[in-house]
J.: 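To start, I am sharing the structure in question, which I have written as structure tokens.
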2 protein chains.
Amino acid sequence: MPRPTASGHHGRVTANRTRRPTIVDVAAHAGVSKSLVSLALRGDDGVGAATRDRILRSAAELGYRLNAQARALVQGRTGQIGVVVTDLRNPYHAEVALGVEEAAESEGLGTFLANGRRDPARLAAHVEAMIGHNVEGLVVVSSRVDPDILAAAADRLPVVVVGRPETRTPGVDSVANDDAAGAGLAAEHLIALGHKDIAYATASNRPAARSRLLGYETALAAAGLRPRVHRLPDAHRRDAVDALLDSGATAVMANNDVLAVECLGRAHERGLAVPERLALTGYDDTELAARAWPRLTSVDQHRPLLGATALALLASRLGGRTEDRHEIIPPTLVPRASTVP
Amino acid sequence: MPRPTASGHHGRVTANRTRRPTIVDVAAHAGVSKSLVSLALRGDDGVGAATRDRILRSAAELGYRLNAQARALVQGRTGQIGVVVTDLRNPYHAEVALGVEEAAESEGLGTFLANGRRDPARLAAHVEAMIGHNVEGLVVVSSRVDPDILAAAADRLPVVVVGRPETRTPGVDSVANDDAAGAGLAAEHLIALGHKDIAYATASNRPAARSRLLGYETALAAAGLRPRVHRLPDAHRRDAVDALLDSGATAVMANNDVLAVECLGRAHERGLAVPERLALTGYDDTELAARAWPRLTSVDQHRPLLGATALALLASRLGGRTEDRHEIIPPTLVPRASTVP
DNA sequence: GTGAAAGCGCTAACAC
DNA sequence: GTGTTAGCGCTTTCAC
């Protein structure tokens, strides 16, 4: 196949795009061999200063850009890690990803981000695609990826899951917030404020929700109080919230901020003063909590730290660790006006 | 360099990772040539059924995965597009990206996502990195990328900006919400409700904010009302909001939902009934608006559509279009309880 | 200092 | 049907 004749044209603001220049083009332009170009571009000394300048000038003039894939192919490494998240619309995931990115950046690693959009099949496909793109490690910010997929991935590269999957996968590290402790903090906070009738509201029954429930029950038991759990399913949410508000509880711990804010809105509509008649706590410390009125007491899982920890686990695997690790990050209570008048 | 001896081991749940198998390994395992493996894996007919089965079985057994980079190198295309956003923590960006992704997926294109974290230098670096990874098109969900960077990128591949940059860059397509129309909708809504004293609140003076202001002023002028603009800088926000609430306005249009929710909270604190004493509108129709109390009237820019439109522009450039296009998406008013009792 | 040559994993043209 | 070969853009010995 004859090589397409390189046109002399290389306009900057032209729709007339030319073939992407390679080091061979730069070499020809500068009148040297292609290996010299490679060395010069990477700043290797062992290239004369004059030659190097000439090469760099040629590269700039031609608009040369390194082809990362070609380099990765020969070097056998890409310097990239993959981050696959359940749903980027959820700021929780976005902030964990942020933590991963920042930590990766300071390790000199790039990040490919993929969004599963809540579809397990798509999540699995993204995991596979990441491996296909030769990432050097994978952070899965999701509790919905099939363990088989994770195991297969972990057979090729370090994999760490952020969150609480239904089961742990051998060979896969994990990082999670200490849900039981977080719920305990919120419960103890309410108990300390003198509440005797504290209800727990959740829409989910997944591992994280179960752990939080456990923390709630433990704290109440320790104070000799009776736990009371309300399921708030997506359907009939309104009725379930009303039932909760009518239950006589003076405080409600919600499994997350969205649920809490929903209860808050309904309390307003029914004229229930918050926190005087009803104290409310959320979980996650999202923007929603910080901007609700009254501002919502919540539990901060330290999302960026979750992400940074995930990257640290990846790094230590890359450094040779072989035994599995499961990190638990202690959360923090953020008291606000929804509990403290 | 002698090739590392391929160990026979290929355990699934072992930390003992082996060299990644290539088509050569699969070929050896199946007792055929590597080209036959390549054909079989891509489902080319011209491979006997029995042979193909044997090859596929070998591939599965070895845990073979296609090396996307190697394929891209030889094919000259990656089938990937790049999406670079200002800040993924902002759900606006996340949802635009979502729209791009979905549209790309249905075109058979994969997506690399990169997060600029509000840093123009990092945004620029991501744009460059995307080109290095040989994406076939680039969507920049940001109004902060230097025009020179965009121009240089557009010289190599199709580039479309979502949002309102300070200046348009020749060779770069764009998609934006019709800010003036959106602000007009909100203003007309308030005017129709009988408000005579409508203030406009903004913290920004960037192009999008300026367009919204223009739409506001135009609508008020048409109704013979006097416009009144309040700047709410990040510093002294509280005082500025108080001044706004004390100004005698019966309605406030905020430049975005965050600002609106801030005014809303302060109104609650000062006992101003919303919407009876003060009507409020936001912009963006974020989750914040939908969950505030009372629920906030806002303007929906149709974020996923912005993203999908960006991808359509990319696709038509890839199809050969050379003249620039600038799409404007009409927004929609979402009336809620913060204006309508 | 500089250049020639081999090879990363894959595809595609062409022979057998 | 099947195998051989060249080559994508780059890095990396190894000679000169």
Side-chain angles (χ1 to χ4, degrees), chain A residues 1-4 6 18-55 58-59 62-79 131-136 156, chain B residues 1-4 6 18-55 58-59 62-79 131-136 156:
Chain A
M1 177 174 49
R3 170 122 151 284
T18 58
R19 189 180 58 82
R20 177 172 176 154
T22 73
I23 50 170
V24 176
D25 300 314
V26 177
H29 188 102
V32 296
S33 79
K34 67 171 187 167
S35 16
L36 215 31
V37 174
S38 174
L39 292 173
L41 289 174
R42 277 174 298 137
D44 186 302
D45 38 57
V47 182
T51 320
R52 192 192 55 230
D53 286 357
R54 190 152 40 91
I55 291 173
S58 293
L62 295 177
Y64 169 82
R65 288 170 155 96
L66 175 67
N67 183 331
Q69 321 218 59
R71 164 181 281 191
L73 186 57
V74 57
Q75 294 199 139
R77 61 181 306 263
T78 54
I131 300 177
H133 285 112
N134 294 317
V135 295
E136 295 175 21
R156 291 262 69 93
Chain B
M1 178 175 46
R3 172 122 150 283
T18 58
R19 189 180 57 82
R20 178 172 176 154
T22 73
I23 51 171
V24 176
D25 300 314
V26 177
H29 188 103
V32 296
S33 79
K34 67 170 188 168
S35 16
L36 214 32
V37 173
S38 175
L39 292 173
L41 289 174
R42 279 174 295 139
D44 187 300
D45 37 56
V47 182
T51 321
R52 191 191 57 230
D53 287 356
R54 191 153 40 92
I55 292 173
S58 293
L62 296 177
Y64 169 81
R65 286 169 157 97
L66 175 68
N67 184 330
Q69 321 217 58
R71 165 182 282 190
L73 186 57
V74 57
Q75 294 198 336
R77 61 181 306 262
T78 55
I131 300 177
H133 285 111
N134 293 317
V135 296
E136 295 175 20
R156 291 260 70 91

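All chains are named by letter (A, B, ...) in the order of the sequence lines, taking the proteins before the strands, and each is independently numbered beginning at 1. Owing to the predicted nature of the structure, the values given are computational and were not obtained by experimental measurement.
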J.: Can you check the K34(B) NZ to dT11(C) P distance for me, whole Å?
T.: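 Rounding to the nearest Å, NZ of K34(B) and P of dT11(C) are 10 Å apart.
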J.: Round to a whole Å and report the spacing from CG of N67(A) to C1' of dC8(D).
T.: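 Spelled out: CG on N67(A) to C1' on dC8(D) is 9 Å.
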J.: What is the separation between atom NE2 on H133(A) and atom P on dG9(C), rounded to the nearest whole Å?
T.: 17 Å
J.: Take V37(A) and V47(B), find for each the nucleotide of DNA chain D with the closest heavy atom, and name the residue whose nucleotide sits nearer the 5' end.
T.: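 By nearest-heavy-atom nucleotide position, the 5'-most residue is V47(B).
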J.: So I23(A), base contact, sugar-phosphate only, or nothing? Heavy-atom distance under 4.0 Å.
T.: base
J.: Who pairs with S35(A) by side chain to side chain donor-acceptor pair (under 3.5 Å), at least two apart in sequence or on another chain?
T.: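 S35(A) satisfies side chain to side chain donor-acceptor pair (under 3.5 Å) with S33(A) only.
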J.: Taking for each residue the nucleotide of DNA chain C with the nearest heavy atom, is it G48(A) or Y64(B) whose nucleotide lies nearer the 5' end?
T.: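 Checking each residue's closest nucleotide, the 5'-ward one belongs to G48(A).
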J.: Suppose we screen for salt bridge (charged side-chain N to carboxylate O under 4.0 Å, His left out). Which residues come up paired with R77(A), at least two apart in sequence or across chains?
T.: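 Partners of R77(A) under the salt bridge (charged side-chain N to carboxylate O under 4.0 Å, His left out) test: E136(A).
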J.: By salt bridge (charged side-chain N to carboxylate O under 4.0 Å, His left out), which residues pair with R65(B), not counting sequence neighbours?
T.: E128(A)
J.: What's the CZ-P distance between R42(A) and dG9(D), to the nearest Å?
T.: 17 Å
J.: Using distance alone, with no hydrogens and no angle criterion, decide if R20(A) and N67(A) have a side-chain donor and acceptor under 3.5 Å apart.
T.: no
J.: Using a heavy-atom distance cut-off of less than 4.0 Å, which residues of residues 70-77 of chain B contact DNA chain D?
T.: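 When residues 70-77 of chain B is checked for heavy atoms under 4.0 Å from DNA chain D, the hits, listed by number, are L73(B), V74(B).
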J.: Using a 4.5 Å cut-off on heavy atoms from C-beta on, say whether the side chain of T51(A) contacts that of V32(A).
T.: yes
J.: Round to a whole Å and report the spacing from CG of L41(A) to C1' of dC10(D).
T.: 11 Å
J.: Would you say a side-chain N or O of S33(A) is under 4.0 Å from OP1 or OP2 of dG3(C)?
T.: yes
J.: What does L66(A) touch in the nucleic acid at a heavy-atom separation under 4.0 angstrom: a base, only the sugar-phosphate, or nothing?
T.: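 Contact class for L66(A): sugar-phosphate only.
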J.: Among all residues two or more places apart in sequence or in another chain, which pass the side chain to side chain donor-acceptor pair (under 3.5 Å) test with R42(B)?
T.: S38(B)
J.: May I ask you to evaluate whether S35(B) reaches the phosphate of dT11(C), defined as a side-chain N or O under 4.0 Å from OP1 or OP2?
T.: no
J.: Closest-nucleotide mapping onto DNA chain D: is L36(A) or R20(A) further toward the 5' terminus? I mean the 5' end.
T.: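 Here R20(A) is the residue nearer the 5' end.
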J.: Rounded to the Å, how far apart are R52(A) CZ and dT2(C) P?
T.: 11 Å
J.: Starting from C1' on dC10(D), measure out to CG on L39(A) and report it in whole angstrom.
T.: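 It works out to 11 Å between those atoms.
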J.: D44(A) has an atom CG; how far is it from atom C1' of dG3(C), in whole Å?
T.: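 Taking CG of D44(A) and C1' of dG3(C), I get 14 Å after rounding.
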J.: Filter on salt bridge (charged side-chain N to carboxylate O under 4.0 Å, His left out), then keep only pairs touching residues 28-38 of chain B, sequence neighbours left out; what's left?
T.: none
